[in-house]
Amino acid sequence: MKRVLEQTLQQDLALLYDGVTDIPVRNKVYGGVAAAVGGDAFTAAVDPDGLPVIAAARYGQGRILVSGVETGFNRRGGDVPGSGEFVANVLHWLTGESGRYRKTLAGQGPLRIITTASEEMFDVAGELPIEVTRVPSWAAAAAKLPEYAVAYADRSMKEDDLPCLDEYVQQGGSLLVHTKGWELEWEPSEEIQLLAGDRPVKVRDYPLQRLLNKAGISLGNNVIWELPQALPILTPEKANDSHVQRLIGQVKAIENGTLSIDDVSIGAADAAVKKKWSLLLGLIDGTVGSLTPECGLGLYHEIIAAAELVEMDITLPFEKERQPYTGVLLQYAFEQVSLDPDGVRSPYAEVFPGNVGDDAPVVHEQLVDVDFDYADLSYLRMLVPPGYWAGTGLYAPAGQRITIEVPDGVEHLDVQIGAHTDELGHLLTWERAPSVALRKPLAPGINQLSSPYGGLIYLIPTKAQADFKAQVAVSGAVHAPYFELGKTTVAEWQGTIRHYDAPYAELCGRKVILTLPSDVVRRVENPEELMLKWDDMIDQYDKFVGLGPDKPMPHRTPDRPHRIAADVQISAGYMHSGHPIMIPNEPAAEEAVTFDKFSSLKHGWGFWHEMGHEYQQLPWFWEDIVEVSVNIYSLLIQDYYGNPSRLTEERDKEGRSYFEKAMAFLNRIDGKQKFTDIGLFERLAMMRQLQFAYGWNMFTRLHIAYRELPKDQLPRTEQQKIDLFVEMVSRVCGDNLLEFFDRWGWDYSEHVRTTIDSLNLPQPNVPLWTLSE
């Protein structure tokens with residue numbers, strides 16, 4: 001591996017750390033990986049587990065620094081105490097060759113920074129001698145770029161911007177970036193989402209990532225869930241420990257038997273072996289999977305070449321600790337296989353999703369209707385609004401060629417084979433192949449493809465077209481057990497349809513579609529009754545958030561159903577949200593078809609919780625309440641089905657319920673309690689108290705109010721979200737709730753206190769913090 005010269009690295013780190021003993025960060029915002037992958041790049045900061053969060057590189061005659069944590073430059077990190085010295089050092093380092101910042105400090109005019117970012121997303125502390133110029137696009141400002149000492153780039157960088165920014169840095173300019181790879185995937189820019197269509201956005205889709213890769217820096221898609229208030233400064237040896245090429249070399253050595261996982265400097269000093277493996281392989285997988293062909297020193301091409309040679313003859317389950325480097329290559333290789341539209345049958349298809357019966361009759365020119373007139377659901381401001389997969393009721397056997405005939409003039413249409421888009425490559429153990437779904441754009445005329453794993457067939461419009469429908473003909477597939485409420489009769493289901501020989505089936509209601517193992521679904525005698533009950537449950541969510549089919553925009557019910565899919569293994573948690581919501585085959589698939597179970601507190605909470613994540617609104621979605629506010633929906637359904645309250649039923653070893661522990665917290669006499677000092681379910685008691693005082697309808701009005709907020713008033717930072725929530729709840733309830741939020745230890749700003757006091761709202765009739773179940 002080409003290394004940064006030790007002397008140069010020492011000089012770079014010495015300048016970045018000059019006069020500082022640590023690097024203050026905004027630890028209330030999740031961090032992201034910024035990794036050194038090229039020979040002229042280095043790590044400038046790591047989290048407590050040793051994961052790189054700040055990386056820098058000399059690139060041509062210029063320099064680049066990328067931070068996955070908030071250090072005090074931009075609005076989101078602007079309140080980081082003690083960050084000024086490090087920020088100044090970053091500017092010293094970035095402008096080192098030209099000495100522009102030193103000239104600024106000597107009184108020779110402000111340091112000029114140019115950016116396309118809004119003031120809301122990027123600003124600098126007022127005491128810094130900096131002048132920020134905002135331009136609409138990098139390409140438009142290309143001729144003026146050399147006049148500026150530093151450019152600040154973010155996700156808004158476009159394809160046309162890449163050449164001019166590249167040249168600017170190589171000719172001696174400096175580039176500063178604060179962003180996280182996972183954030184680029186979770187909240188993609190409109191332009192990137194448009195290019196990706198309905199498929200998940202990846203870090204590698206961004207021009208910004210390609211530019212950084214050219215310099216040997218890469219954003220990974222890993223989430224840094226916990227950060228201290230400050231990160232340690234690094235020795236050159238520690239900086240090299242987290243260089244991705246060094247880590248890959250160590251993984252090779254472990255597989256070859258010449259190194260032990262104990263010898264790898266990752267994880268806390270007392271970290272268990274499993275934890276070290278998870279961190280090590282998670283970092284490598286998250287970084288390698290995000291690389292682009294522009295990657296410095298050819299790491300991307302090295303992985304591709306090695307993955308093409310790796311033997312894909314493994315036994316499932318596959319434990320990556322036993323063959324860690326092979327696992328890295330296999331993850332990439334499996335992804336390429338699953339994306340091959342000419343794929344032959346995989347030997348792992350039998351493990352999952354399973355085989356189609358040899359005698360299953362093949363359909364010929366089966367007509368499928370596709371409606372292109374579907375709504376853009378961004379008006380809902382939901383975390384995960386329902387996506388649009390048009391089900392066909394057909395199943396493609398693994399490795400069997402199917403033909404899809406698309407009429408002339410029909411464009412913007414994809415086919416997807418397989419409901420199981422959950423990718424497992426980052427997990428330490430694979431119960432199935434890590435990537436099994438195939439998606440491919442269709443063209444007018446005859447399209448032929450075969451999936452190595454097979455799966456249910458979906459047709460996915462990627463661009464809405466008003467009042468437009470198309471009819472597509474499918475040949476070569478087989479029928480799957482497929483029930484559509486209002487179209488399929490119970491008699492048809494019982495007599496024929498449930499017996500179709502495909503491994504996965506679907507039950508489709510108005511509001512939700514269940515994708516489950518056929519063996520489970522065949523035992524359902526009356527799917528009509530079942531799906532009516534599921535639809536009724538989702539109706540409660542819609543009513544709760546103020547949506548209805550006949551309401552004016554932006555309060556209209558989504559025009560398509562949510563999806564819940566069962567898998568033999570899922571990518572995170574026992575269940576997780578998304579499109580589709582993912583659940584395990586056992587025992588959740590059987591619970592999904594049993595009303596007495598999915599309506600009960602013991603078995604239903606997971607379903608209620610994950611559907612709650614779908615409905616969470618982004619303007620009041622931040623770290624401290626993500627797993628709290630989600631459960632107001634769970635409590636709603638818990639009450640709707642007449643269950644006892646989880647807040648009083650579950651008890652700790654001392655026999656205390658969540659509510660009792662919450663009341664003890666509220667009754668502390670020192671007055672120093674913070675909302676984050678207690679557990680998630682204790683925090684949920686706060687939401688329950690609001691419901692006790694103002695009824696469920698208060699939350700309905702709150703959802704409506706957030707949807708009606710003008711776009712330019714939506715919060716972007718965590719502090720803005722906290723402040724707005726305190727204000728919105730007070731307005732919706734019609735009371736001054738500052739004392740209530742004070743009791744719960746909320747960290748809102750003085751500006752909000754002044755705003756709410758100016759509204760002259762009355763105090764609540766009763767002290768809300770005294771209310772209990």
Side-chain angles (χ1 to χ4, degrees), residues 185 188 190-202 204-205 335-343 353 363 365-378 384-398 400-423 435-466 468-477 480 482 504 506 508 513 515 558-563 565 578-580:
E185 293 186 347
E190 292 182 9
E191 181 180 26
I192 296 297
Q193 185 64 77
L194 185 64
L195 291 173
D198 195 46
R199 72 163 174 81
V201 167
K202 301 291 186 181
R204 58 180 179 263
D205 291 324
E335 181 180 352
Q336 302 314 303
V337 167
S338 68
L339 295 174
D340 184 0
D342 297 315
V363 302
E365 294 186 351
Q366 174 86 35
L367 297 179
V368 179
D369 293 322
V370 184
D371 190 350
F372 284 73
D373 191 356
Y374 61 96
D376 174 2
L377 300 181
S378 60
V384 189
Y388 185 31
W389 298 354
T392 65
L394 300 174
Y395 194 98
Q400 183 166 306
R401 184 166 295 278
I402 64 168
T403 300
I404 302 176
E405 186 172 357
V406 179
D408 290 340
V410 176
E411 299 178 335
H412 308 294
L413 181 64
D414 286 3
V415 60
Q416 178 174 296
I417 298 179
H420 302 97
T421 53
D422 225 10
E423 296 186 354
S435 300
V436 296
L438 166 68
R439 182 163 172 173
K440 178 182 182 294
L442 296 172
I446 302 296
N447 299 263
Q448 293 187 322
L449 71 161
S450 59
S451 162
Y453 300 96
L456 290 161
I457 300 174
Y458 304 94
L459 296 169
I460 305 175
T462 58
K463 183 178 180 180
Q465 300 176 60
F468 182 73
K469 295 182 179 180
Q471 199 169 64
V472 173
V474 180
S475 301
Y482 189 77
Y504 270 81
E506 288 197 327
C508 309
I513 295 174
T515 305
D559 61 350
R560 47 194 182 269
H562 299 268
R563 285 184 173 272
H579 181 75

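The side-chain hydrogen bond (donor to acceptor under 3.5 Å, both in side chains) check on Y374 picks up nothing, with sequence neighbours excluded. Residues passing the salt bridge (Lys or Arg N to Asp or Glu O under 4.0 Å) test with E185: none are found, sequence neighbours excluded. For E411, the side-chain hydrogen bond (donor to acceptor under 3.5 Å, both in side chains) criterion is met by no residue, not counting sequence neighbours. Residues passing the ring-ring contact (aromatic ring centres under 6.0 Å, His included) test with H420 are F352, Y504, sequence neighbours excluded. D373 is linked by a side-chain hydrogen bond (donor to acceptor under 3.5 Å, both in side chains) to nothing, counting only residues two or more places apart in sequence or in another chain. Taking the side-chain hydrogen bond (donor to acceptor under 3.5 Å, both in side chains) definition, one finds that E191 meets it with nothing, sequence neighbours left out.
We find the CZ-CD distance between R439 and Q416 to be 6.0 Å, quoted to the nearest 0.5 Å. In this structure, S475 OG and E405 CD are separated by 8.0 Å, a value rounded to the nearest 0.5 Å. Rounding to the nearest 0.5 Å gives a distance of 5.5 Å between CG of L449 and CD1 of I404. To the nearest 0.5 Å, atom OG1 of residue T462 and atom OH of residue Y388 are 12.0 Å apart. Interatomic distance, L367 CG to D369 CG, rounded to the nearest 0.5 Å: 7.5 Å. A distance of 9.5 Å separates CD1 of I417 from OG1 of T392, quoted to the nearest 0.5 Å.
Side chain to side chain, T515 and E506 meet the donor-acceptor criterion of an N or O pair below 3.5 Å. Using modelled atom types, one finds a donor on one side chain and an acceptor on the other under 3.5 Å when comparing T403 with Q448.
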- Task: Start with the C-alpha gap between V474 and V415, add the side-chain angles, then the distance that decides, and say whether side-chain contact (heavy atoms from CB on, under 4.5 Å) holds.
- Result: CA-CA 11 Å; V474 180; V415 60; over 6 Å; no
- Full working for side-chain contact (heavy atoms from CB on, under 4.5 Å) between I457 and V368: CA-CA 11 Å; I457 300 174; V368 179; over 6 Å; no
- Full working for side-chain contact (heavy atoms from CB on, under 4.5 Å) between L394 and L456: CA-CA 6 Å; L394 300 174; L456 290 161; over 6 Å; no
- Task: Would you please test L377 and D559 for side-chain contact (heavy atoms from CB on, under 4.5 Å) and show each step?
- Result: CA-CA 9 Å; L377 300 181; D559 61 350; 4.2 Å; yes
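At a threshold of 4.5 Å between non-hydrogen side-chain atoms, the residues V410 and F468 count as touching. Inter-residue side-chain proximity for P386 and P558 is flagged as met; some heavy-atom pair is nearer than 4.5 Å. Side-chain atoms of P341 and K440, non-hydrogen and from C-beta on, do get closer than 4.5 Å to each other.
Counting heavy-atom neighbours within 6.0 Å of D342 CG, excluding the residue itself, gives a total above 12.
The main-chain N or O of A398 is never found under 3.5 Å from a side-chain atom of S451 such that the two would form a donor-acceptor pair.
A salt bridge between E335 and R204 is present, with a side-chain N of the basic residue lying under 4.0 Å from a carboxylate O of the acidic one.
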